[in-house]
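One structure below.
Note that the coordinates shown come from a computational prediction; the quantities given were computed from them, not determined experimentally. Every chain is numbered from 1 and lettered A, B, ... according to where its sequence line falls, protein lines coming before strand lines.
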2 protein chains.
Amino acid sequence: MVELDRCEINCIHDEAVKAVKEALFSEDIAISLAELFKALGDPTRVKILFSLMTRELCVCDLAAVIGASESAVSHQLKILRTLRLVKFRREGKIMFYSLDDDHIEKLFAQGLEHVTE
Amino acid sequence: MVELDRCEINCIHDEAVKAVKEALFSEDIAISLAELFKALGDPTRVKILFSLMTRELCVCDLAAVIGASESAVSHQLKILRTLRLVKFRREGKIMFYSLDDDHIEKLFAQGLEHVTE
DNA sequence: ATTATATATGAACATATGATCATATGAATA
DNA sequence: TATTCATATGATCATATGTTCATATATAAT
């Protein structure tokens with residue numbers, strides 16, 4: 001608040017701030033977006049999601065593929081489920097997980113472009 | 001390790017694990033990808049980046065637009081700079097920040113699709 | 001019914017993160 | 001060159017995060 005006052009007098013470019021503020025999406029959307037990206041922001045979850053891009057897998061297989069404990073994988077799957085990034089179906093004792101939609105593929109493709117360029 | 005042994009006997013679908021393991025990218029890439037997404041996984045940084053999609057802005061303007069302290073913005077800009085998500089140019093005392101490439105726009109577009117559907 | 005198996009969940013712990021405050025830097029101006 | 005201003009940085013602290021271990025649940029098999 002105090003800083004805003006000082007700033008308005010000295011440095012702020014008023015029209016720029018006003019214009020950008022109007023274009024800025026809502027707090028809610030910013031938080032949702034951040035939550036989505038945060039879910040993708042962990043190596044274990046990245047590996048889980050990338051593994052599921054090939055085919056559906058059970059928790060045990062996922063753990064073996066990415067080299068993590070089944071408990072750790074299960075915990076991370078819960079986060080991915082909450083954000084509707086993965087879905088699952090039960091077959092007896094086994095839960096098969098798969099990607100919930102194709103957004104992840106596209107996000108990964110974009111992300112890889114940035115990372116590998 | 002112990003769990004792997006137990007698992008191999010009981011639950012693992014060997015060919016599936018083998019196939020997916022081969023398709024899986026390297027540990028390094030997984031970590032880089034996670035770092036990129038993690039950088040996008042914070043409301044303050046999301047707002048900064050989205051603001052910069054409209055036009056270049058100085059630290060002071062950014063702080064005013066998103067309603068955060070200039071110090072907080074500066075700290076976050078450092079993270080974004082490290083990951084080559086933003087670039088900057090100096091004009092006297094003022095630093096103007098802008099997006100470093102167009103990947104962020106595409107990532108945001110994809111992310112918004114998921115979040116708002 | 002009892003046991004085994006696949007997965008889920010809760011508690012605990014170490015580490016990471018983001019904001020704030022104080023201070024430092026670097027450029028313009030008096 | 002002394003001061004002011006815009007930004008950067010370091011320290012600190014409260015909170016969040018991810019793993020592990022122990023335990024619970026749900027299904028299948030005996």
**Prompt:** Has A/K93 got a side-chain N or O lying under 4.0 Å from the OP1 or OP2 atom of D/dT25?
**Reply:** no
**Fill in**
Here the gap from B/L33 atom CG to A/D42 atom CG, rounded to the nearest 0.5 Å, amounts to 12.0 Å
**Prompt:** Between the base of C/dC21 and the side chain of B/S71, is there a donor-acceptor distance below 3.5 Å?
**Reply:** yes
**Fill in**
In whole angstroms, the gap separating C1' of C/dA8 from CG of A/L62 amounts to 15 Å
**Message:** Once you apply a heavy-atom cut-off of 4.0 Å, does B/Y97 come out as touching a base, just sugar-phosphate, or nothing?
**Reply:** sugar-phosphate
**Request:** Check which hydrophobic residues are tied to B/I94 through side-chain heavy-atom contacts below 4.5 Å, counting indirect links as well, and list them.
**Result:** B/F96
**Asked** Starting at CE of B/M95 and ending at C1' of C/dA28, how long is that distance when rounded to a whole Å?
**Response** 15 Å
**Request:** Apply the test side chain to side chain donor-acceptor pair (under 3.5 Å) to residues A/Q110 and B/H103: give CA-CA distance (whole Å), side-chain angles for both, the deciding distance (0.1 Å), then the verdict.
**Result:** CA-CA 6 Å; A/Q110 280 300 318; B/H103 291 144; 5.0 Å; no
**Asked** Looking at A/Q76, does any N or O in its side chain come under 4.0 Å of the phosphate oxygens OP1/OP2 on D/dT17?
**Response** no
**Asked** Closer to the 5' end of DNA chain D via nearest nucleotide, is it B/L77 or A/R45?
**Response** B/L77
**Request:** First locate atom SG of B/C58, then atom CD1 of A/I12, and finally report the distance between them rounded to the nearest 0.5 Å.
**Result:** 7.5 Å
**Message:** Would you say the base of D/dT19 stacks on A/H75 (centre-to-centre below 5.5 Å, plane angle below 30°)?
**Reply:** no
**Message:** Same cluster or not: A/I31 versus B/M53, using hydrophobic residues (I, L, V, M, F, W, Y) connected whenever any side-chain heavy atoms lie under 4.5 Å apart?
**Reply:** no
**Minimum-distance nucleotide to B/C58 side chain [options: C/dT20, D/dT19, D/dT7]** = D/dT7
**Message:** Using the side-chain heavy atoms of B/T44, tell me which of these nucleotides is nearest: C/dA19, C/dT7, D/dT20.
**Reply:** C/dA19
**Request:** Kindly determine whether A/L107 and A/F37 satisfy side chain to side chain contact (heavy atoms under 4.5 Å, CB included), including the steps that lead there.
**Result:** CA-CA 9 Å; A/L107 283 167; A/F37 286 127; 4.0 Å; yes
**Request:** Look at the side-chain N and O atoms of A/S74 and state whether any lies under 4.0 Å from the OP1 or OP2 oxygen of C/dT7.
**Result:** no
**Message:** Below 4.0 angstrom, which residues in residues 78-91 of chain A have at least one non-hydrogen atom near DNA chain C?
**Reply:** A/K78, A/R81
**Fill in**
Per side-chain hydrogen bond (donor to acceptor under 3.5 Å, both in side chains), A/Y97 is matched among A/R81, A/E56, A/K87 by A/R81
**Item:** Atom pair distance, as rounded to whole Å: CD1 in A/I12 and C1' in D/dT7
**Value:** 14 Å
